[in-house]
Every structure is written in structure tokens, then in C-alpha cells.
Amino acid sequence: MKEKKKKTYSIGSNIMFLLRAADETHPVMTRLWLPLFILTFLFQQVLQVMIPARAVYVIEHELGAMSFLVQVGGIIFLYFILKSASILSQEKYESYSMLIRVYQFVRMMIKKSLTSDYCNREKHENQKLIDQANGAINSNYVGVELMYRQLPRAVMNLTGMLLFGGAILSVDVRILVVLIAMLLCNVAANRFATNYLNSHLEENARLNRKIDIIKDRARDVVCGKDIRLYKMEKWFTALMQSYVEWGQKWQKGIEKHFYLPVFSDTVFIALRDGLAYVILIQKALEGSISLSVFTLMLGIVSGFSTWMFAFVDCYMDLMKSNKSISDLRSVLDLKDTFLHGAGYPVSEQESSDAPEIELQNVSFSYEEGGKQILSRINLKIGAGEKIALVGANGEGKTTLVKLLCGFYHPTEGQILVNGRNIEEYDIEQYFKLVGVVFQDVEPLPYRIVNLVSGREKEDTDMNRFWLAVKRAGLQDKIESLSKKEDTYISNVFDDNGIQLSGGEIQKLMLARCIYKNAPFLLLDEPTSALDPLAESAMYEEYNQLTRHKTSIFISHRLASTRFCDRILFLKDGKIAEEGTHEELIRNQGEYARIYEIQSHYYTEQKEEENLSEEEGIGYEA
């Protein structure tokens, strides 16, 4: 399937997107506080320019102290009322901006990450996009909230420029021409600098990801053992220092490009002030304007520049936030390729009966035109049949599990479940059929009961929970804990949380699979972290667990697959050998050769243990 070109979003589109989001959840923000903030601020700034001009007017016309107090004092009083209203409306508006970012957009991103098709989530380019999109919601001064904050300021500054620009035009067009030239040069110089910044944002994102990884590993308790034993602290420090120097070099490159707008502003400010003073002083000496108008116009010229610089800053911030908001919308607009809420539903009977699985000419590659991980797999698995999937690393075993889980679409061919293509199922319904124990898992640092049932404790069937942990071999461990099933894994959410061993985590994941009680089981190296005795006991439990269920069991230890009805040996993405354990041994193929190597290793290990016991050496418990 050919990748579609990434959708682009204009700044106007993104502004309307944010305003609609605000209006849907907090209409008081857009209908009251936003216009009130803009209007009170504008009138406040106009009054600020009028105060000195009005004071000069009263003095110029010798209107007396009382008139000065009434006129100037009245303007100042009104100014402070407007300023208070402006501050209140700004606080309310920005408070709602933060609430919308945290309680709406952060939740939207989390929901999208949790519910979007796994093939969307695992793609490398989408992972980068998600990292960049998260930059839009990480703080008060980036992305979503930055655009919310700068939008009213951009409106204020643009309106102020138009008002003051009209006043300047009525006095002398030359001043306005200089100010407009100043504006255009400022915008051009800032865009030049901002374009350079945007073109190097990915470089900075990569740098930050690397620094975060180093910081996480340096703090990680597990990594701390290796760091100390192998004296890696100097290497870690040097690596961090190299990235810090890289970051400094990146920052200097950005700063150099922002020198241009600063230089441009300095030159034009001198030109503006010189020209304004010459023209206004000349008009005042000629008597064409009074001293009060002279004072007012100086304030307007200065105010225009203030509006202008503020507008350019707002514009640049809006452009900066526009990039991350576009990334955010790109993530939220990622289209699912499986059916959600539509398609074939799974009945109660189907969710309990062992399904029949068939793969017809299934091929798969992770990238279009890339290396085929699986190639034209044809396989039929009977209802209730136990299949062992073996082979070397990188032969496509875990990829096949992902396809059967409904995480990816085959590049070619189709997968049938009970005679129906899984593409036709409502994927949420299809997940009811599948129970999986993955090879590499990192449980959420939460309560054991929640991790096993996948829901709140009050919604958990506790009898079913205890049966699941008992069958998984974890009951004694849980009952020995002071908080039992309410114990937290790790101390992230609870200072009294516990750390489980690798084998205990695998048992926890098995308990979760047992609790779900799905009719189709996929077990991907579920005993890799267990000791031989625990592994042997677990195989017996698997034999019971998979009774009346269709199951696929992946393992590198070929002896562990003997309880399965049929063994598939994968090589080069194809089924190279197929049969029972005894049949494959008789065939003397690749399976038999690897089994002989593994069994020879275990025989030698057993002989060494027996010899050690005879010599009285033994092993400490």
C-alpha cells in the first residue's frame, strides 16, 4: 500500500481548530473572556498614549489645576479600571487555555496512542511524529497553549497598528512608510531565522531523545549494576558531555541567525526616531500642530513600533506553535486501517470456542519494497490444535504472532479465522478471541490486581483473579505481600511498591492471559526468564491451559515443544519443516540437528552437576 502524502495545515486552520475545541468544552472562554481581554487591553493602551498629551493640552491652554485633576485624573482612573478588567480577563482566558491543553488535548493524545491501530503506533516515522506532536502539549509556552496565549495578542497588536497607522498617515506619510518598511524587514528577518530553526528542529529532537535516554539509564537501578561493575561512569559522562557540546553548537547556530532581525530593528529604530522628530518638530515650529498634538503623535509613533514589534513576536510564536500543532493534528488524524465499530462482530459462542486458523499465501514486510520477513506462508491450524513455532532469531516468529493478533495487515495473502478474513472483523471484537503472552514485557507500575484483570478492582472477578494467579504459579508470592493483590509493581506510584524478577513478571503476564480466557492463545517465549524447574512446571500448566483452545507456542528450547500436536520450523521466513517432534527427529533435518545440539548441551550440563554432587562440591541455594 502506497503511503499517502502527509496532510498540511495552515495557521488559520489550526487557529480555528483550537477555537472550536475551546468553544465545545468551555464556551465562556471564547465568548466572554477572549473578546473582553482584547477590547480592554486595546482601550487601555489608547488611554496610556492620551494621558501625557492631555496633560500638555491642559497646561498649554492654562485650564487650571481643577481641570487638570478632572481631565487627566479621570483618564488615569478609567485606565486603571480597564487595566484591572484586562488583567482579570487575561487570567481567566489563560487559565482556560491550560485546562483545555491538559484535560482535552493531553487526553486526546493518550487515547489516540492507546486505541490507534498498532501498525500506526509502531512505525518509526509515526513514533517520531508522535514525539513531535507531544511537544505541542508539554508545557504552557509551546504548541497548543502558546497559540492560545498569542492569538489575542496578535489581534490586539494588529488592531493597534491599524489605529495608530491611520493617525500617523494623517500627519505625514513618510513616517508611516519608514514604519511599514521597518515592519516588512523585521518580518522577513524573523522568518529567515525561524525557517532555519524549523529546519533544524528534528536535529534538536534527536539530541533531546539521546540525552533523555542517557539520563534515564543513569538513574535506572538495573543499569546501575552494569555501570558500576564495568566502570562505565566515565564513558557515560563523556557521552553526555559530547551531546551537551552538540547542543551548544546547535544553539549558537540558531542565535547567529537571529542576529539579523536584531540588527535590522536597531537600524530602523534610529531612522524612525530621527525622521519622526524632524518632521514633528518642524510642524510644531510652523504652528501646524500644537504641543499637545506633538506629544500625542510622538506617543503614537512610539506606540506603533511597540505594536509592530509585539505583533512580529506574536506572529513568530504563532508560526512556531503552528508546526507542532500540525504534528498534533497529523497524529489525531491518523487513519485506522482495521475496522473499528464496524465489521463482523464476535458472538458469545465464538468467544469461547477454539477457532480454526488458516494462512493463505501470507507474506509480510515492514516497509514497502523492503525485505520480506515472511514469504508465502500456507498453514491450516485445526480448532483446539497445539502448534509449536520454532526457529532461529529473526526468522519471523514474532512477526507472525503480530499478524495473528491483528496488529498488522499481511503484505500479501490473507488470514482466516473460522473461515473469515480477520480484515472483515470489527478489530475490537476480534481482540476478544486472542490471549497473548509476549516475550518482552514491561508491566505498568500499578497494582497487581489491575494488571491481571485489566480493569478496576471493583470490576474484577476476584475468584477468577485468584484462580489465574494460582495457575500461573504466583499465588504464594502475592499472598506473602502485606497488601497482597493491591501491591504496586515498582515504587513509581507507591513508595512501598515491589520489584518482580523476570520470571515473576512472566508469570504475571501468564496470569493476565489466563484471566482473559480467550479461545486462541499465542505464547511467545513465555518461559525464557524461568529456571529449569519452574519452566518444567510451567509447561505442565500450559498443557492444561491450552486444553480446548487453539494455541501457538514459540520457543527456542526445542525440548519444550514436545507437548504440542505439531511443530513448525521457520527458516528464511518460510515453513521449512513440519510434523510432530518424533517425525522431525526421524527426518534428520535442521530441526533434528539443532535439537541434538541442545540436548547434548543439557546432557553435558547434567553430567557436570552429577559429578559435582559426587565430589561433594554441590551448589549453594
Side-chain angles (χ1 to χ4, degrees), residues 4 6-42 85-117 120-121 126 129-159 311 314-342 426-428 455-456:
K4 291 184 179 180
K6 182 181 173 183
K7 187 176 178 180
T8 57
Y9 305 88
S10 67
I11 188 168
S13 172
N14 284 336
I15 288 172
M16 294 306 299
F17 168 72
L18 293 188
L19 290 177
R20 282 194 299 270
D23 199 58
E24 287 171 5
T25 55
H26 298 90
V28 69
M29 170 187 169
T30 54
R31 300 179 190 184
L32 173 62
W33 300 119
L34 176 59
L36 186 61
F37 178 29
I38 293 172
L39 290 173
T40 53
F41 187 84
L42 280 171
S86 177
I87 291 172
L88 174 64
S89 55
Q90 177 184 352
E91 288 178 351
K92 290 289 187 181
Y93 174 79
E94 293 184 350
S95 175
Y96 279 115
S97 300
M98 183 189 67
L99 289 174
I100 292 169
R101 172 179 66 85
V102 174
Y103 294 107
Q104 187 165 348
F105 286 106
V106 170
R107 285 196 297 182
M108 288 167 67
M109 277 294 291
I110 291 173
K111 183 179 179 181
K112 188 67 178 182
S113 294
L114 293 175
T115 60
S116 183
D117 286 340
N120 281 341
R121 189 67 181 82
N126 284 349
L129 181 62
I130 290 169
D131 284 343
Q132 293 166 216
N134 281 324
I137 53 177
N138 281 342
S139 79
N140 305 101
Y141 298 101
V142 297
V144 167
E145 204 166 338
L146 178 62
M147 184 168 280
Y148 273 132
R149 287 171 179 269
Q150 295 296 53
L151 175 60
R153 291 175 173 84
V155 174
M156 296 169 193
N157 293 317
L158 181 58
T159 305
F311 174 76
C314 289
Y315 175 74
M316 292 304 150
D317 280 343
L318 288 173
M319 292 303 294
K320 182 169 66 175
S321 61
N322 188 62
K323 172 67 172 64
S324 58
I325 292 171
S326 294
D327 291 334
L328 173 69
R329 292 183 69 184
S330 294
V331 171
L332 295 177
D333 288 345
L334 280 174
K335 300 297 182 185
D336 289 321
T337 51
F338 285 96
L339 299 174
H340 291 257
D426 177 344
I427 197 65
E428 308 292 342
R455 61 199 69 196
E456 294 294 339

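Scope of the values below: all heavy atoms of this structure, side chains included, with no hydrogens, waters or symmetry mates.
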Q: Taking C-beta and beyond as the side chain, do Glu145 and Ser139 meet within less than 4.5 Å on heavy atoms?
A: no
Q: Nearest 0.5 Å, please: how far is CZ in Arg121 from CG in Asn126?
A: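 The CZ atom of Arg121 is 9.0 Å from CG of Asn126, to the nearest 0.5 Å.
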Q: Does NZ belonging to Lys112 count more than 12 external heavy atoms closer than 6.0 Å?
A: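 Counting other residues, nucleotides and ligands, NZ of Lys112 exceeds 12 neighbours.
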Q: Listed by chain and number, what are the side chain to side chain donor-acceptor pair (under 3.5 Å) partners of Asn14, not counting sequence neighbours?
A: Asn322, Ser326, Arg329
Q: Donor-acceptor pair, Thr30 side chain versus His26 backbone, under 3.5 Å?
A: no
Q: Can you tell me how far CD of Glu94 sits from CH2 of Trp33, rounded to the nearest 0.5 angstrom?
A: 13.0 Å
Q: For Asn120, what residues pass the side chain to side chain donor-acceptor pair (under 3.5 Å) criterion, not counting sequence neighbours?
A: Ser116
Q: Which atom pair, heavy atoms only, marks the closest approach of Val331 to Ala133?
A: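 Closest heavy-atom pair between Val331 and Ala133: CG2-CB, 3.7 Å.
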Q: Going from CD1 on Ile11 to CE on Met319, what distance comes out if it is rounded to the nearest 0.5 angstrom?
A: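 Reported value, rounded in 0.5 Å steps: 5.5 Å.
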Q: Going by the angle between their ring planes, with limits at 30° and 60°, are Phe105 and Tyr148 parallel, tilted or perpendicular?
A: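 Tilted, since the angle between the ring planes falls between 30° and 60°.
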Q: Which distance, rounded to the nearest 0.5 Å, do you find between the CD1 of Ile137 and the CE of Met109?
A: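 It comes to 5.0 Å.
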Q: Closest approach of Val102 and Val106, non-hydrogen atoms and distance?
A: O-CB, 3.1 Å
Q: Can you tell if the side chain of Leu32 reaches within under 4.5 Å of the side chain of Lys92, non-hydrogen atoms only?
A: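 Heavy-atom side-chain distance check fails, nothing below 4.5 Å.
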Q: Partners of Asp131 by side chain to side chain donor-acceptor pair (under 3.5 Å), sequence neighbours excluded?
A: none
Q: Under the side chain to side chain contact (heavy atoms under 4.5 Å, CB included) rule, collect the residues that match up with Leu158, sequence neighbours excluded.
A: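 Scan of Leu158 (side chain to side chain contact (heavy atoms under 4.5 Å, CB included), adjacent residues dropped) gives Phe311.
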Q: What heavy-atom pair brings Ala85 and Thr40 nearest, and what distance separates the two atoms?
A: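 Where Ala85 meets Thr40 most closely, the heavy atoms are CB-CG2, 3.8 Å.
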Q: Are Ser330 and Leu129 side-chain neighbours, meaning at least one heavy-atom pair lies under 4.5 Å?
A: yes
Q: For side chain to side chain contact (heavy atoms under 4.5 Å, CB included), just list the numbers for Thr159 and Ile38, CA-CA rounded to whole Å, side-chain angles, deciding distance to a tenth of an Å, and then say yes or no.
A: CA-CA 10 Å; Thr159 305; Ile38 293 172; 5.7 Å; no
Q: Would you check if Leu339 and Ile427 make a side-chain contact, meaning some heavy-atom pair closer than 4.5 Å?
A: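 Counting from C-beta outward, Leu339 and Ile427 never come under 4.5 Å.
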Q: Search all heavy atoms of Ala136 against all heavy atoms of Leu328 and return the closest pair with its distance.
A: CB-CB, 4.3 Å
Q: Between Arg101 and Asn140, does the side chain to side chain contact (heavy atoms under 4.5 Å, CB included) criterion hold? Intermediate values first, please.
A: CA-CA 9 Å; Arg101 172 179 66 85; Asn140 305 101; 3.5 Å; yes
Q: Report yes if some heavy atom in the side chain of His340 is under 4.5 Å from a heavy atom in the side chain of Asp117; otherwise report no.
A: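 They are in contact (side-chain heavy atoms under 4.5 Å apart), so the answer is yes.
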Q: Gln150: what forms a side chain to side chain contact (heavy atoms under 4.5 Å, CB included) with it, not counting sequence neighbours?
A: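 So Gln150 forms a side chain to side chain contact (heavy atoms under 4.5 Å, CB included) with Leu146, Arg153, Cys314, Asp317, Leu318.
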Q: Output the distance between atom CG (Leu114) and atom CZ (Arg107), rounded to the nearest 0.5 Å.
A: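 These two atoms lie 13.0 Å from each other.
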Q: Less than 4.5 Å apart, side chain to side chain, heavy atoms only: is that true for Asn157 and Tyr315?
A: no
Q: Tell me the closest heavy-atom pair linking Gly143 and Ser321, and the distance in Å.
A: O-CB, 3.3 Å
Q: Taking side chain to side chain contact (heavy atoms under 4.5 Å, CB included) as the criterion, tell me which of Val144, Leu151, Ile100 meets it with Leu18.
A: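 Filter result, single survivor: Val144.
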Q: So Thr115 and Glu428, side chain to side chain contact (heavy atoms under 4.5 Å, CB included) or not? Walk me through it.
A: CA-CA 10 Å; Thr115 60; Glu428 308 292 342; 5.5 Å; no
Q: Hey, are the side chains of Val28 and Tyr96 touching, using non-hydrogen atoms and a 4.5 Å cut-off?
A: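 Answer yes - side chains close enough.
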Q: Can you tell me how far the CZ atom of Arg149 sits from the CD atom of Gln90, to the nearest 0.5 Å?
A: 8.0 Å
Q: Apply side chain to side chain donor-acceptor pair (under 3.5 Å) to Ser89 and list each qualifying residue two or more places apart in sequence or on a separate chain.
A: none
Q: Given 3.5 Å as the limit, does a donor-acceptor pair link the side chain of Asn138 with the main chain of Asn134, or not?
A: yes
